[in-house]
2 protein chains.
Amino acid sequence: MDQLEIFKALSNKTRLQILQWLKEPENHFAKQDHADFETIGVCVGQIQQKAGLTQSTVSDYLSMLQKAGLLESTRVGQWTYYRRNPVAFEALSDFIKTAI
Amino acid sequence: MDQLEIFKALSNKTRLQILQWLKEPENHFAKQDHADFETIGVCVGQIQQKAGLTQSTVSDYLSMLQKAGLLESTRVGQWTYYRRNPVAFEALSDFIKTAI
DNA sequence: TAGGTATATCGGGAAAAGTCGATATACCTT
DNA sequence: AAGGTATATCGACTTTTCCCGATATACCTA
């Protein structure tokens, strides 16, 4: 776990918001046709639409969050689904409580 | 609590390190003449020396951490002592566990 | 194979953060 | 009051981040 990389990933309003959305997908996204976002996540297009930024920016943001370990992704056909990685948040929460 | 401001404050190697030092001052700093760092904190000069950056940079960093709520400061004579604000870390740890 | 859709990557211009040296401020001592 | 020490603030330069448009890649369907 590279905490510095994680904190950098969290240092952006839109990226923070995306994480909040992905915490409760059913409250923030329309139901998807080919995937249950409870288990596999939400596709890039839906996140992009909600964020109101360009596709390239949102794709960048998601891969940044994934590189930091906060998100996981699954490719299914032409879609990439992103979802929270709960373990990372627990570890980070712990780091904050015990190390700094 | 402005989480975005907090995460920005945490997005720097030296600032993260300062927080780790201030978590256990007795393990990282020499005893001070005029103050007990367990209660009042560590003065800027000692932190600067350990960080190896200029005085102005470290002063900036400390005030940034304080603005974010992570540190508290006390002025005594010509010294300013900085110490952890434990409540802020608990709140942040909680935010990470419950909101994102 | 050709065209359509979803996502990723690349290159760049603008804005913000990192870090410094110089200077200002505050306080202490004589 | 004058000089010394500790910290804060300012201005500038460099590096990084933000966010875009354009293009590439991957996959699907007819």
Side-chain angles (χ1 to χ4, degrees), chain A residues 2-19 22 29-35 37 40-68 70-83, chain B residues 2-19 22 29-35 37 40-68 70-83:
Chain A
D2 180 344
Q3 295 93 6
L4 189 55
E5 186 180 11
I6 292 178
F7 288 131
K8 285 183 183 176
L10 294 173
S11 292
N12 175 281
K13 200 172 178 172
T14 303
R15 289 195 295 267
L16 263 185
Q17 216 153 21
I18 290 173
L19 292 176
L22 290 179
F29 297 100
K31 209 179 300 182
Q32 298 170 137
D33 281 351
H34 294 90
F37 44 45
I40 205 174
V42 180
C43 72
V44 178
Q46 285 211 59
I47 299 171
Q48 187 235 318
Q49 210 172 333
K50 198 167 173 72
L53 295 174
T54 62
Q55 187 271 322
S56 62
T57 298
V58 173
S59 175
D60 265 355
Y61 282 5
L62 291 169
S63 100
M64 199 175 311
L65 289 166
Q66 184 184 21
K67 278 196 191 94
L70 298 169
L71 296 184
E72 297 177 312
S73 74
T74 310
R75 180 102 196 194
V76 177
Q78 35 197 160
W79 292 275
T80 306
Y81 298 92
Y82 283 91
R83 64 186 176 283
Chain B
D2 181 343
Q3 294 91 8
L4 189 54
E5 187 181 10
I6 293 178
F7 288 131
K8 284 182 182 175
L10 295 173
S11 293
N12 176 282
K13 199 173 179 172
T14 303
R15 289 196 296 268
L16 263 185
Q17 216 154 20
I18 290 173
L19 292 176
L22 291 179
F29 298 100
K31 211 178 301 182
Q32 297 171 138
D33 281 351
H34 294 91
F37 44 45
I40 205 174
V42 180
C43 72
V44 179
Q46 286 211 58
I47 299 170
Q48 187 235 318
Q49 211 172 333
K50 199 167 171 72
L53 295 174
T54 64
Q55 187 271 323
S56 62
T57 298
V58 173
S59 175
D60 264 356
Y61 282 4
L62 291 169
S63 100
M64 199 176 309
L65 289 165
Q66 184 184 21
K67 278 195 192 94
L70 298 169
L71 296 184
E72 296 177 314
S73 73
T74 308
R75 179 101 197 193
V76 177
Q78 33 196 161
W79 292 275
T80 306
Y81 298 93
Y82 284 91
R83 63 186 176 284

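Values below: all heavy atoms of this structure, side chains included; hydrogens, waters and symmetry mates excluded. Here is the naming used below: chain letters follow the sequence lines, and residue numbers restart at 1 for every chain.
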Item checked: Closest-nucleotide 5' rank along DNA chain C - winner of Ser56(B) and Met64(B) -> Met64(B)
Next item on the list: Give, for atom OG of Ser59(A) and atom CE of Met64(A), the distance between the pair rounded to the nearest 0.5 Å.
Entry: 10.0 Å
Without decimals, in angstroms, what is the distance between [X] [atom1] and [N] [atom2]?
{"X": "Lys67(A)", "N": "dT17(D)", "atom1": "NZ", "atom2": "P", "value": "13 Å"}
{"X": "Trp79(A)", "N": "dT5(C)", "atom1": "CH2", "atom2": "C1'", "value": "8 Å"}
{"X": "Leu4(B)", "N": "dC18(D)", "atom1": "CG", "atom2": "P", "value": "10 Å"}
{"X": "Arg75(B)", "N": "dT7(D)", "atom1": "CZ", "atom2": "P", "value": "7 Å"}
{"X": "Asp60(A)", "N": "dG11(C)", "atom1": "CG", "atom2": "P", "value": "13 Å"}
{"X": "Lys13(A)", "N": "dC19(D)", "atom1": "NZ", "atom2": "C1'", "value": "15 Å"}
{"X": "Leu10(A)", "N": "dC18(D)", "atom1": "CG", "atom2": "P", "value": "12 Å"}
{"X": "Glu5(A)", "N": "dT16(D)", "atom1": "CD", "atom2": "P", "value": "15 Å"}

Please determine whether a side-chain nitrogen or oxygen atom of [X] lies at a distance below 4.0 Å from atom OP1 or OP2 of [N].
{"X": "Asn12(B)", "N": "dA17(C)", "result": "no"}
{"X": "Arg15(B)", "N": "dG18(C)", "result": "yes"}
{"X": "Thr80(A)", "N": "dA6(C)", "result": "no"}
{"X": "Tyr61(A)", "N": "dC20(D)", "result": "no"}

Should [X] and [Y] count as side-chain neighbours, where that means a heavy-atom distance under 4.5 Å?
{"X": "Arg83(A)", "Y": "Thr74(A)", "result": "yes"}
{"X": "Leu65(A)", "Y": "Tyr82(A)", "result": "no"}
{"X": "Phe29(A)", "Y": "Leu22(A)", "result": "yes"}

Note to self: Could you report the tightest heavy-atom contact between Ser73(B) and Gln66(B), atom names first, then the distance?
What the structure shows: OG-NE2, 3.0 Å
Notebook entry, point to check: Which atom names give the shortest non-hydrogen contact between Leu10(A) and Leu16(A), and what distance separates them?
Noted result: O-CG, 3.5 Å
Within the structure shown, what part of the strands sits under 4.0 Å from [X] by heavy-atom distance: base, sugar-phosphate, or nothing?
{"X": "Leu53(B)", "value": "sugar-phosphate"}
{"X": "Ser59(B)", "value": "base"}
{"X": "Ser11(A)", "value": "sugar-phosphate"}
{"X": "Tyr81(B)", "value": "nothing"}

Checklist line | Contact nearer the 5' end of DNA chain D, comparing Thr14(A) with Gln46(B) | finding: Gln46(B)
Margin query: Looking only at the side chain of Thr54(A) (C-beta and beyond, no hydrogens), which of the listed nucleotides dC20(C), dC20(D), dA8(C) gets closest?
Written below: dC20(D)
Notebook entry, point to check: Which of the following nucleotides, dC19(D), dT7(C), dT7(D), is nearest to the side chain of Cys43(B)?
Noted result: dT7(D)
Next item on the list: Answer yes or no: side-chain N or O of Gln78(A) and base N or O of dT7(C) forming a donor-acceptor pair under 3.5 Å.
Entry: no
Notebook entry, point to check: Do Gln55(B) and dA8(D) share a donor-acceptor pair, side chain to base, under 3.5 Å?
Noted result: yes
